[in-house]
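Contents: one structure, followed by commentary.
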Amino acid sequence: MSFPLLTATAALPALGAVATAAVPAARRTAAKWLALSVSLATLALAITVLVRFDPNGTRYQLTESHAWIKSFGVRYELGVDGIAVALIALTALLIPFIILAGWHDADPLETGSRRWRPTQGFFALILAVEAMVLISFEATDVFLFYIFFEAMLIPMYFLIGGFGDRAHAQGEEAASTQRSYAAVKFLLYNLVGGLIMLAAVIGLYVVAGNFSLQEIAQARASGSLHMATSTERWLFLGFFFAFAVKAPLWPLHTWLPNAMQESTAPVAVLITAVVDKVGTFAMLRYCLQLFPQASKWATPVVLVLALIGIVYGALLAVGQRDIKRLVAYASISHFGFIIMGIFAMTSQGQSGATLYMVNHGISTAAWMLVAGFLISRRGSRLIADYGGVQKVAPVLAGTFLIGGLATLSLPGLAPFVSEFLVLVGTFTRYPAIGIIATFGIVLAALYALVLYQRTMTGPVKPEVSAMPDLRVRELVVVAPLIVLLIFLGVYPKPVTDIVNPAVKQTMSDVHKKDPKPSVEAAK
């Protein structure tokens with residue numbers, strides 16, 4: 001039997017979470033180093049998956065299949081395509097930076113505080129989320145995917161509610177209340193979506209007789225499994241609703257600003273750069289592959305919702321006074337671009353959407369983590385409390401600017417390529433949608449540059465006059481992300497070569513071809 005590489009990639013952080021939680025309370029530093037070591041080892045396994053994956057090979061590779069619950073046809077089935085491999089690499093890459101950035105976020109609070117902040121628990125929960133996200137990308141059994149799609153809510157709930165941001169102007173009691181509200185809202189929204197999806201999963205089993213993604217997809221393609229039009233549409237809606245909540249798609253997005261505002265910066269990155277990607281990934285893997293006709297039927301409505309999300313998120317980001325809420329609404333706008341690219345049903349749109357998932361993860365991590373370093377120094381999330389930071393902390397200001405420029409998709413930085421592909425892919429089939437979506441780019445330039453202008457330029461406020469610049473640990477977190485933003489902005493080919501074959505197969509699932517140019521090139 002070959003080495004179960006995919007199982008090992010997800011099992012290692014799960015075991016690391018248990019080991020980290022078991023470290024004695026007095027040895028907090030040892031727990032941190034253990035969690036970091038496990039995350040780096042997981043990254044090494046993810047790189048091995050990346051190296052062993054052949055983009056031009058079979059659709060699902062490194063497969064594993066074992067009987068699990070025989071009476072219900074549930075199997076432990078894993079396999080990865082190019083889209084999953086790219087997101088596995090992104091997740092494994094970001095977790096070490098998240099751990100390093102949150103190195104002191106769960107340290108004991110001042111004497112007399114009523115809040116309990118077990119350092120070991122904080123890092124164990126991060127590793128647990130990583131394990132569940134990775135196996136969600138790897139699962140090819142629908143029931144197995146559902147279990148971990150829902151299970152990741154539990155550690156995320158405790159990370160949001162138990163380890164919130166210390167930069168709160170209303171005191172500890174009010175901060176605790178708001179953290180609890182944000183955590184419960186996150187949990188309820190996603191649980192409702194998950195319960196609706198569970199009904200759809202059961203309905204799929206009744207229709208198909210098993211939970212194997214590959215078997216169901218093959219049966220649908222060959223015509224041996226037929227679904228009534230109404231049945232397919234209801235099942236699609238059950239799956240899509242859960243993924244739209246997780247993504248988050250307007251109007252199911254309202255949990256995200258609260259969750260990101262009340263979380264520490266590393267946990268906010270974990271939410272939007274890692275966990276939320278499971279929703280958009282699942283739209284490609286499950287909605288389009290299992291329910292191709294229903295996906296095409298729903299496309300006009302989904303595109304309109306995505307377009308509203310793009311403009312709405314950007315407009316609200318412009319008006320924010322809280323740095324974290326601004327980043328949250330910016331992410332809602334960006335997820336609108338991703339979903340628009342998926343449902344444009346063109347190879348450029350879906351390649352751009354997949355590349356956008358990767359690039360958004362890197363750019364948001366860079367921007368939000370630097371924002372977290374800034375907030376921890378000043379002790380405030382309010383934009384109005386800053387000014388003139390670039391004069392006292394030029395490296396911090398410079399990295400914050402690059403993160404903002406990446407967010408507005410400046411040419412030469414990674415998100416530009418993906419956003420361009422999404423817009424081109426959308427315009428070729430839905431020109432009106434593509435044209436209106438470009439306003440999101442204009443608004444992104446407004447909120448990103450205005451944020452920089454208000455916090456980093458102008459007279460130095462007395463409260464920031466003694467602000468230290470980035471320390472060595474913080475530079476180790478930010479510098480590689482900046483390098484990746486520049487590298488993938490100039491040379492995105494390593495990622496597109498991996499995802500493009502998978503995108504072509506997805507296009508084949510929905511029986512769509514790219515529109516032909518309306519005007520032939522001059523000969």
Side-chain angles (χ1 to χ4, degrees), residues 13-14 16-21 23 28 31-32 34-36 38-39 42 91 94-109 115-134 136 148-168 172 175-191 194 245-246 248 255-279 324-325 327-328 331 361 364-365 368-369 371-372 375-376 381 477:
V18 175
T20 302
V23 173
R28 293 187 299 273
K32 296 176 184 179
L34 175 60
L36 180 61
V38 170
S39 68
T42 304
T91 301
L94 291 181
I95 295 300
F97 297 127
I98 289 172
I99 290 173
L100 270 177
W103 200 251
H104 298 298
D105 285 356
D107 287 349
L109 295 173
R115 289 183 57 208
W116 182 50
R117 296 175 69 94
T119 304
Q120 290 85 338
F122 178 75
F123 293 101
L125 289 169
I126 291 175
L127 290 176
V129 172
E130 179 183 21
M132 294 174 186
V133 169
L134 288 174
S136 296
F148 289 98
F149 179 83
E150 287 292 275
M152 70 179 71
L153 301 180
I154 299 171
M156 284 306 310
Y157 169 81
F158 288 109
L159 283 170
I160 297 168
F163 300 92
D165 192 352
R166 299 181 184 183
H168 205 292
E172 187 176 321
S176 179
T177 300
Q178 292 193 26
R179 277 192 301 273
S180 298
Y181 171 78
V184 170
K185 189 174 184 180
F186 161 82
L187 188 64
L188 289 178
Y189 267 66
N190 284 274
L191 275 178
V245 172
K246 184 87 77 179
W255 62 267
L256 181 65
N258 296 98
M260 289 186 66
Q261 179 183 15
E262 298 303 327
S263 300
T264 65
V267 172
V269 171
L270 187 66
I271 295 169
T272 190
V274 176
V275 172
D276 287 354
K277 297 299 187 299
V278 178
K324 287 186 176 180
R325 288 184 72 88
V327 178
S331 290
T364 298
M368 184 54 129
L369 292 179
I375 292 168
S376 66
R381 300 191 303 252
V477 171

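Computation of the quantities below employed the complete heavy-atom set of this structure, encompassing side-chain atoms and omitting hydrogens, waters and symmetry-equivalent molecules. From a predicted model like this one, the values you see are computed outputs, not experimental measurements.
We find the CG-OG1 distance between Leu127 and Thr42 to be 7.0 Å, quoted to the nearest 0.5 Å. In this structure, His104 NE2 and Phe122 CZ are separated by 12.0 Å, a value rounded to the nearest 0.5 Å. Between the CG atom in Leu159 and the CG atom in Leu125 there is a gap of 4.5 Å [rounded to 0.5 Å]. The line from CD1 of Ile98 to CH2 of Trp103 is 14.0 Å long, rounded to the nearest 0.5 Å. In this structure, Leu94 CG and Lys277 NZ are separated by 8.5 Å, a value rounded to the nearest 0.5 Å. The CG atom of Asn190 sits 7.0 Å away from the CZ atom of Phe149 when rounded to the nearest 0.5 Å.
Inter-residue side-chain proximity for Leu270 and Met156 is flagged as met; some heavy-atom pair is nearer than 4.5 Å. Under the 4.5 Å side-chain criterion, counting only non-hydrogen atoms from C-beta, Leu153 is in contact with Phe186. Using a 4.5 Å cut-off on side-chain heavy atoms (C-beta onward), Met260 and Leu256 make contact.
A donor-acceptor contact shorter than 3.5 Å is absent between the side chain of Lys32 and the backbone of Thr119. Using modelled atom types, no side-chain atom of Thr20 and backbone atom of Ala17 make a donor-acceptor pair closer than 3.5 Å. In this structure a side-chain-to-backbone donor-acceptor pair under 3.5 Å is missing from Lys324 to Ala268. A donor-acceptor contact shorter than 3.5 Å is absent between the side chain of Lys185 and the backbone of Ser180.
Taking every heavy atom of both residues into account, Met152 and Ser136 meet most closely at CE-OG, 3.4 Å. Here the closest non-hydrogen pair linking Pro266 and Ala101 is CG-C, 3.8 Å. Minimum heavy-atom separation, Ala328 to Pro257: CB-CA, 3.7 Å. The two residues Ser39 and Ile95 have their closest heavy-atom pair at CB-CG2, 3.8 Å. When all heavy atoms of Leu134 and Pro13 are compared, the closest pair comes out as CD1-CG, 4.3 Å. Of all the heavy atoms in Gly372 and Ala265, the pair that sits closest is CA-CB, 3.5 Å.
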Show your reasoning for whether side-chain contact (heavy atoms from CB on, under 4.5 Å) applies to Leu34 and Phe123. CA-CA 9 Å; Leu34 175 60; Phe123 293 101; over 6 Å; no

Step by step, work out the side-chain contact (heavy atoms from CB on, under 4.5 Å) result for Trp255 and Ile271. CA-CA 11 Å; Trp255 62 267; Ile271 295 169; 3.9 Å; yes

Determine, step by step, whether Val278 and Phe148 satisfy the side-chain contact (heavy atoms from CB on, under 4.5 Å) criterion, reporting the C-alpha distance in whole Å, the side-chain angles of both residues, the deciding distance to 0.1 Å, and the verdict. CA-CA 10 Å; Val278 178; Phe148 289 98; over 6 Å; no

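Side chains of Ser331 and Thr272: a donor-acceptor N/O pair is present below 3.5 angstrom, by distance only.
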